[in-house]
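What follows is a short report on a single structure.
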Amino acid sequence: MFFVTLLLNSCTEENVINLEPYNQISENVAFDTRENIILSVNGMYQAAQVGQYNGAARGYPFGAAYFEQNDMRGEDMVNTASFYAITYTNTWDPSGALNTVYYWIDTYRLVNRANLVIDGITKAIAKGTISEAEGKDYIGQALFFRAFSHYELLNFFARPYKYTSGATHPGVPYRLKPSNSVATIEENATLGRGTVAENYTQLISDLDTAESYMFSKTTKSAKNAIVYASKEAAIALKTRVYLSKGDYQKVITEADKLNGKYALSSDPNTPFSNNYGNTESIFSLENSATNNPGVNGALASQYNGRRLIAISPVIWNEGSWLATDKRRGASMVLSVSGVLFTNKYKDTSTLSDASPLLRYAEVLLNRAEAKARLSDASYLADLNAVRNRSLANPATEQYSAFANKTDAVKAILLERRVEFLAEGLRWNTIHRLQHDDVAPISGVPQKYKNGANPVAADYKIGIPYVFKTGDVASLAYSDYRFVWPLPTLETSANPTLAAQQNPGW
């Protein structure tokens, strides 16, 4: 696969419209032929997969950094070195915490690339350079990335949707125009934060349009149906977004669209042992021996080879996670002198593991939770579908109906923690459940101690972990550090945002 970025002028040396070059072509010719259009679209995927961290590839925003940062905000994985200490211990600052700074910078770089694709291909369709159907498919892929990017920013830099009535609290700047002219550069450089409600309205609109524009996965090869965004990927992402919003009927409506489109693998390890050819991966970013975020950013390197992130005794010892569950087995968990690491990302040699962003298991658990919250007893079928494939004896170990919806929702939430361990979904759940009316979480949970491998003796299946002196304290939801600061690099260049910094920073 070949990749391209667009050559633009930047108004600062390191702001969000600056595009680091891979293989460059001028924007003037980026959309003048079908071949160049395809290169430009692939460049957008490159921006999502690799990104930049202080001049080096690190997997921002949707490569490895997405998984690492989301996991390090939660309690189920442990930071064993210094890489993610700031995120793990809640000690950010607006200028020096480069992990958070580049999360913002590279996500908006991806937004700008998406907007360039939308603008350029819209003009190419009008000129007849590319067919309307094919052009709209590419535009839909760009809209998918634009929506996903803003949604991810909201999870870190804004309070949850239900923080205020009507979600009128500050969200993030939602960029709809490419920075490819003096006028749009100036407009984006002064764009302020919309409300969370406004952000959600726009990103859902983007995903609705993406769904209507993109081709179905059924039109693609098995691999391309996974590594390129499709109609089904937009639908799957909407189930996550609507769950964050608390619109549970919409979660169900969107999930139902995927009935019969995907099938869970019989073995929970299959989506990881066969990244590019399984039946349940909806959207993953492709990595290869020649194109990956490198040893400082690739999933297999960080989680497995270099072992910078370990599985925490907090989740490993959870009493409701059965000892015989296949997700505890050697195919999915690596034990090194009794210390446990994920083995989902296996290729520590060439770093070719895909980055799994959307799986059908999540869609089923999203729908299960939505149904349980609406007291729809059919939630149990979705919950057991995901869980049973990992059980030693499903006939005797599967869940029966719970006494009330609180117990049902809590069981589904535990299943999410187990199923998506080391897949970067824990923070998303913690964020949306702040003071939830059924299964509330208050703030950032307490965590295992920072900066070293867990003690092997602390792993005790079925015996809940007891926190000790030296472990990382919980962080109250009322604490200003619950949300990340807008980076100084951005606020110093954008006076509007400078006046809209998150309180406390």
Side-chain angles (χ1 to χ4, degrees), residues 71 73-78 268-269 309-335 338-344 361-362 364-365 368-369 372-373 379-423 425-430 432-434 436 438-449 453-474:
D71 279 343
R73 288 226 67 185
E75 78 278 37
D76 290 342
M77 305 296 292
V78 177
N269 184 49
I309 301 171
I311 296 171
S312 175
V314 172
I315 184 62
W316 188 259
N317 299 4
E318 168 60 50
S320 296
W321 186 3
L322 297 180
T324 55
D325 192 307
K326 295 176 185 176
R327 291 167 293 190
R328 293 187 185 271
S331 64
M332 302 190 75
V333 176
L334 178 69
S335 178
V339 181
L340 304 181
F341 302 88
T342 186
N343 199 26
K344 287 182 173 180
E362 184 195 349
L364 291 178
L365 290 180
E369 184 179 337
R373 288 177 177 274
Y379 74 84
L380 195 60
D382 285 338
L383 172 58
N384 279 334
V386 176
R387 183 171 179 268
N388 282 7
R389 64 174 174 174
S390 297
L391 301 181
N393 297 292
T396 59
E397 294 175 335
Q398 68 180 347
Y399 282 128
S400 300
F402 292 90
N404 52 62
K405 72 177 179 182
T406 298
D407 289 347
V409 169
K410 287 182 176 179
I412 295 164
L413 292 172
L414 174 61
E415 190 62 25
R416 291 181 69 90
R417 293 173 68 186
V418 172
E419 178 67 22
F420 304 118
L421 188 64
E423 291 184 59
L425 280 178
R426 182 58 182 153
W427 175 245
N428 177 274
T429 301
I430 293 170
R432 70 177 172 84
L433 289 180
Q434 294 305 304
D436 182 63
V438 175
I441 295 176
S442 183
V444 181
Q446 192 169 8
K447 305 173 186 177
Y448 195 88
K449 66 181 178 181
N453 285 341
V455 177
D458 284 341
Y459 292 104
K460 299 175 182 177
I461 294 176
I463 301 176
Y465 177 71
V466 177
F467 288 99
K468 306 175 180 66
T469 301
D471 286 336
V472 178
S474 60

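Taking the side-chain contact (heavy atoms from CB on, under 4.5 Å) definition, one finds that T342 meets it with Y303, K344, Y345, A422, sequence neighbours left out. Take D382 and apply the salt bridge (Lys or Arg N to Asp or Glu O under 4.0 Å) test, not counting sequence neighbours, and it matches R367. In terms of the side chain to side chain donor-acceptor pair (under 3.5 Å) criterion, R387 has no residue partners (sequence neighbours excluded). Residues satisfying the side-chain contact (heavy atoms from CB on, under 4.5 Å) criterion with A392, sequence neighbours excluded, are T324, E397. Under the rule for a ring pair (Phe, Tyr, Trp, His ring centres under 6.0 Å), Y379 has no partner lying at least two apart in sequence or in another chain. With sequence neighbours excluded, no residue forms a salt bridge (Lys or Arg N to Asp or Glu O under 4.0 Å) with R73. Checked against salt bridge (Lys or Arg N to Asp or Glu O under 4.0 Å), E362 has the following partners two or more places apart in sequence or in another chain: R240. Every residue two or more places apart in sequence or in another chain that forms a salt bridge (Lys or Arg N to Asp or Glu O under 4.0 Å) with D436 is listed here: K162, R373. Taking V333 as the reference, I311, W316, L340 meet the side-chain contact (heavy atoms from CB on, under 4.5 Å) condition, with sequence neighbours excluded. Listed by chain and number, the residues in a ring pair (Phe, Tyr, Trp, His ring centres under 6.0 Å) with Y465 are Y448, F467 (sequence neighbours excluded).
When every heavy atom of A361 is checked against every heavy atom of R389, the shortest pair comes out as CB-NH2, 4.0 Å. Pairing each heavy atom of G338 with each of Y459, the nearest pair is O-CD1, 3.4 Å. Listed here is the closest heavy atom pair of G462 and P464: O-CD, 3.5 Å. Minimum interatomic distance between V339 and P454 (heavy atoms only, all atoms of both residues): CG2-O, 3.3 Å.
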When you look at Q434 and I441, which way does the side chain to side chain contact (heavy atoms under 4.5 Å, CB included) test go after all the steps?
CA-CA 5 Å; Q434 294 305 304; I441 295 176; 3.7 Å; yes
Please test E75 against D471 for side chain to side chain contact (heavy atoms under 4.5 Å, CB included), starting from the C-alpha separation and ending with a verdict.
CA-CA 11 Å; E75 78 278 37; D471 286 336; over 6 Å; no
Evaluate side chain to side chain contact (heavy atoms under 4.5 Å, CB included) for V409 paired with N404, printing each intermediate quantity in order.
CA-CA 9 Å; V409 169; N404 52 62; over 6 Å; no
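With values rounded to the nearest 0.5 angstrom, I412 atom CD1 is found 9.5 Å from Y399 atom OH. Distance check, rounded to the nearest 0.5 Å: CG of N269 to OG of S390 gives 10.0 Å. Going from atom CG of D76 over to atom CZ of R417 covers 4.0 Å, rounded to the nearest 0.5 Å. Note: R416 CZ to L365 CG = 6.5 Å, rounded to the nearest 0.5 Å. Rounding to the nearest 0.5 Å gives a distance of 11.0 Å between CD of E369 and CG of L383. In this structure, CD1 in I430 is found 11.0 Å from CG in L425, a value given to the nearest 0.5 Å.
Judged as a salt bridge (charged side-chain N to carboxylate O under 4.0 Å, His left out), the pairs with a partner in residues 315-332 (not counting sequence neighbours) are, in order, D325-R327, R327-E415, R327-E419. Among residues at least two apart or in separate chains, there is no salt bridge (charged side-chain N to carboxylate O under 4.0 Å, His left out) pair with a member in residues 401-411.
Using a distance-only test at 3.5 Å, with no hydrogens or angles considered, a donor-acceptor pair links the side chain of N317 to the main chain of D458.
Under the 4.5 Å side-chain criterion, counting only non-hydrogen atoms from C-beta, I461 is not in contact with W321.
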